[in-house]
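Below you'll find the structure, written out as structure tokens, and then a few comments.
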Amino acid sequence: MTLEMTPAISTRPLTGPDLHYEIEQFLYLEARLLDRRRFRDWYDLLADDLEYRVPLRTNRSRRDLAKEETGVDELALFDDTKFTIGQRITRIETGAAWAEDPPSRTRHMVSNVTVSPTGNPDEYQVECAYLLYRSRLEREVDIFVGERVDLVRRVDRGPGFEIARRKVLIDQATLDAKNLSVFF
């Protein structure tokens, strides 16, 4: 399923308040797991068919805005599956990931959550604004701000949802971070 980055904006609620609340709580749980470095528990929230993509952004003129982000067949900051994310977690756990020794301290914040139905009654397109604050060592501070578009699927385990697709658009076209070893 392709995630729409510019769906029609409606002034009416896209889903009922109970479902919206459930999905928001799921996003908050995910943020807490990442911030507490409980990467294996976070990994369990990911669907087996996960697509996790962070395309590159470039500054474009108004007439070329459609080319602002790299496409699916082009270079990306991350273009992961559940398997490759599992490998990244394993590397962090071994202590061989120099970029995470000592480990980063992160704070994931999500807001402006919208939930839209899809053609599948158990899947929802979830959009949110995010801010990821990361500090490491004595003076390294990185702040990533942007938009996430997820395909969230209802399941009969864990917190009741899993992430099947994630597209992260970082607002910065140029990143000042010394490394990019965090999960969005």
Side-chain angles (χ1 to χ4, degrees), residues 1-55 57 68-69 72 76-86 88-89 92 104-135 142-172 180 182-184:
M1 163 172 249
T2 302
L3 297 176
E4 282 294 321
M5 283 313 303
T6 53
I9 297 176
S10 172
T11 57
R12 294 178 299 144
L14 301 174
T15 58
D18 291 342
L19 175 64
H20 192 275
Y21 177 80
E22 281 183 81
I23 290 177
E24 274 186 327
Q25 293 305 305
F26 174 72
L27 296 178
Y28 300 153
L29 168 66
E30 177 195 14
R32 278 192 311 277
L33 292 174
L34 288 170
D35 292 341
R36 293 177 183 167
R37 300 182 193 109
R38 291 177 49 188
F39 300 124
R40 286 292 165 192
D41 292 332
W42 174 71
Y43 182 79
D44 291 339
L45 302 180
L46 308 177
D48 290 340
D49 62 339
L50 175 73
E51 295 174 18
Y52 180 99
R53 185 166 169 75
V54 183
R57 304 273 311 259
E68 182 180 37
E69 66 183 74
V72 293
L77 294 170
F78 293 109
D79 193 0
D80 283 321
T81 63
K82 187 172 183 176
F83 176 77
T84 59
I85 285 181
R88 289 174 58 198
I89 292 170
I92 289 169
S104 297
R105 288 179 299 281
T106 62
R107 187 69 52 210
H108 290 74
M109 291 169 260
V110 295
S111 69
N112 302 12
V113 177
T114 60
V115 179
S116 306
T118 67
N120 184 327
D122 290 329
E123 293 181 341
Y124 307 93
Q125 180 168 310
V126 179
E127 298 180 47
C128 70
Y130 76 87
L131 186 143
L132 170 53
Y133 172 89
R134 171 190 182 221
S135 67
D142 299 304
I143 298 174
F144 305 99
V145 178
E147 176 181 12
R148 285 192 332 211
V149 180
D150 295 340
L151 180 70
V152 173
R153 185 179 295 145
R154 188 177 288 284
V155 293
D156 293 329
R157 60 179 168 71
F161 294 98
E162 66 182 10
I163 300 164
R165 309 280 177 275
R166 171 159 289 166
K167 181 177 185 178
V168 179
L169 287 175
I170 301 173
D171 285 344
Q172 299 99 308
L180 199 54
V182 294
F183 298 104
F184 289 90

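Values below: all heavy atoms of this structure, side chains included; hydrogens, waters and symmetry mates excluded. Only a predicted model underlies this, so the values are computations on that prediction, with no experimental measurement involved.
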Thinking salt bridges, do Asp122 and Arg153 make one under a 4.0 Å N-O criterion? no
With Val126, which of Val152, Val110, Val149 fulfils side chain to side chain contact (heavy atoms under 4.5 Å, CB included)? Val152
Does Arg36 CZ have over 12 foreign heavy atoms under 6.0 Å away? no
Nearest-0.5 Å distance that lies between atom CZ in Arg32 and atom NE2 in His108: 13.0 Å
Is the shortest distance from a Lys or Arg side-chain nitrogen in Glu22 or Arg154 to a carboxylate oxygen in the other one below 4.0 Å? yes
Under a 4.5 Å cut-off applied to non-hydrogen side-chain atoms, are Tyr130 and Val168 in contact? yes
Hey, what do you get for CG (Leu50) to OG1 (Thr84), rounding to the nearest 0.5 Å? 8.0 Å
Is there a side-chain contact between Asn112 and Cys128 (heavy atoms, below 4.5 Å)? no
Could you walk me through whether Lys82 and Asp49 pass the side-chain contact (heavy atoms from CB on, under 4.5 Å) test, one step at a time? CA-CA 7 Å; Lys82 187 172 183 176; Asp49 62 339; over 6 Å; no
Salt bridge or not between Asp80 and Arg88? Use side-chain N to carboxylate O under 4.0 Å. yes
How close do Ile143 and Gln172 get, counting heavy atoms only, and between which atoms? O-NE2, 2.7 Å
Atom pair CH2 (Trp42) and CG (Leu33), whose distance is rounded to the nearest 0.5 Å: 10.0 Å
To the closest 0.5 Å, what do you measure between OH (Tyr21) and CZ (Phe26)? 15.0 Å
Would you mind checking if Asp35 and Arg105 are paired as a salt bridge, meaning a charged N to carboxylate O distance below 4.0 Å? no
Quick one: do Glu127 and Glu147 satisfy side-chain contact (heavy atoms from CB on, under 4.5 Å)? Show the steps, please. CA-CA 7 Å; Glu127 298 180 47; Glu147 176 181 12; 3.3 Å; yes
From CA spacing to verdict: side-chain contact (heavy atoms from CB on, under 4.5 Å), Leu34, Phe39: CA-CA 6 Å; Leu34 288 170; Phe39 300 124; 4.1 Å; yes
CG of Leu19 to CD of Glu24, rounded to nearest 0.5 Å, is 10.5 Å
Are the side chains of Arg157 and Glu162 in contact, using a 4.5 Å heavy-atom criterion? yes
Salt bridge flag under 4.0 Å for residues Lys167 and Glu51: no
Any donor-acceptor pair under 3.5 Å from Thr118 side chain to Gln125 backbone: no
Of all heavy-atom pairs linking Ala76 and Pro55, the shortest is CB-CA, 4.0 Å
Is the shortest heavy-atom distance from the side chain of Asp150 to the side chain of Leu27 under 4.5 Å? yes
Note: Glu30-Arg148 ion pair, threshold 4.0 Å (strictly below): yes
If we only count heavy atoms from C-beta on, is the Phe144 to Tyr133 side-chain gap below 4.5 Å? no
Spatial distance of atom CZ (Phe183) from atom CG (Leu132) [nearest 0.5 Å]: 11.5 Å
Side chain proximity check, Ile163 to Tyr52, heavy atoms < 4.5 angstrom: no
Testing the 3.5 Å rule here: is there a donor-acceptor pair between the side chains of Ser104 and Arg134? yes
Answer yes or no: is there an ion pair linking Arg57 with Asp171, defined by an N-O contact shorter than 4.0 Å? yes
